[in-house]
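Residues take their numbers from the sequence shown, with the count starting at 1.
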Amino acid sequence: VLERALAAIAAMARDEFSDKLPLAYDPVRERTVRHTLAAFGSEAVPTFERWLAGAGQQAPQRALVIDAIAQARVPAAAATLLAFADDVSDPARVAARHGLAQLGDHARPALQAAATGKDRKARATAEAMLERVPGATIIYDLRASRAVADTVERMGGRAIRSRVGHAFIKHRMRQEDALFAGEVSGHYYFRDYYSVDTGIVPALLVLELVSRRGGSLAALLRPFRERYFISGEINTRVSDVALKLQELKDRYAKLPGAEVTHLDGLSIDFPDWHFNVRPSNTEPLLRLNVEAYGEAEMEERRDALLEVIRG
């Protein structure tokens, strides 16, 4: 089982990511991986040696094999990946097709092929969690797409917005006894994982959801990408943060349908679009996020807001 599990991860890296994730070869990391694998039995290191031999002497390919194993926290994560199919080639292909990898801090899954925001991956993870625990509470970062809250409410869950930052997210999770929380930064938190973040669990949950629905992750997210258009966070240096926030409030809060909140900076929601502007904690910056149900409208709203902020 160990050899099959590790082979799935190695194949995923060697065969699918060689042109996507250029990495520098690190001999120290190779030694670390060897020592880690040695702790799991006599067969692990020879298997690793065979993969490196297959990769040849080219540093990028060797680095891919090493990084795939190190990032996946072998063997537990790889063994979990195997549980999704009887044939070891299936999870490897599924993972490779969706560009499954771990970011460097081990806490965030990178599902590259979908080419979409991490809040939409949070939406997919929330959907997977609510299928397990109907009616549960889900916390989401206030920068996130409305797709998150809309999905949670459609599935009968309770969606709650939180301030940006892991300290606020985790505190709110405990207050609300939330099942899951997702940040736009790509950190995903689980009540049953001590309300802290993990990367491999949401990646596996999303892969499981894709396997049940059929098709690809991109296909799963396509309806949301076609309905929700979000700017991403845009930072602007300003001379007076408080003055700009007040100027924005004065201009937009009086418009028909405006709902104003101050959970983190200034948020104003309208029926068909919304925005949040919040100050940086360390620099004289304003961070803008805008979303609308049409791409042209989002761009128009974004540009008008930036004109005020930068004017």
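- Side chains of Ser231 and Arg302: a donor-acceptor N/O pair is absent below 3.5 angstrom, by distance only.
- Checking His187 against Lys170 by side-chain atom types alone, no donor-acceptor pair falls below 3.5 Å.
- Using modelled atom types, one side-chain atom of Lys244 and one backbone atom of Val308 make a donor-acceptor pair closer than 3.5 Å.
- Between Glu153 and Arg158, no side-chain nitrogen of the basic residue sits less than 4.0 Å from a carboxylate oxygen of the acidic one, so the salt-bridge criterion is not met.
- No side-chain donor from either of Arg174 and Ser195 sits under 3.5 Å from a side-chain acceptor of the other.
- Ring to ring, Phe275 and Phe270 are not that close: their centroids are 6.0 angstrom or more apart.
- Under 4.0 Å is where a charged nitrogen must lie from a carboxylate oxygen, and between Asp269 and Arg146 at least one such pair does.
- The aromatic ring centres of Tyr228 and Tyr293 sit less than 6.0 Å apart.
- Residue Gln175 places its CD atom among more than 12 non-hydrogen atoms of other residues, nucleotides or ligands, all under 6.0 Å distant.
- In this structure, Arg237 pairs ionically with Glu283, as a charged nitrogen and a carboxylate oxygen lie closer than 4.0 Å.
- A salt bridge does not link Glu295 with Arg227: none of the charged nitrogens is closer than 4.0 Å to a carboxylate oxygen.
- Under a 3.5 Å cut-off, the side chain of Arg191 and the backbone N or O of Asp177 do form a donor-acceptor pair.
- Under 3.5 Å, the side chains of Tyr189 and Glu183 contain a donor-acceptor pair of N or O atoms.
- Using a 4.0 Å cut-off between charged nitrogen and carboxylate oxygen, Glu131 and Arg213 count as a salt-bridge pair.
- A donor and an acceptor atom, one from each side chain of Asn289 and Arg143, are nowhere located under 3.5 Å apart.
- Counting non-hydrogen atoms of other residues, nucleotides and ligands closer than 6.0 Å to CZ of Arg154 gives a total above 12.
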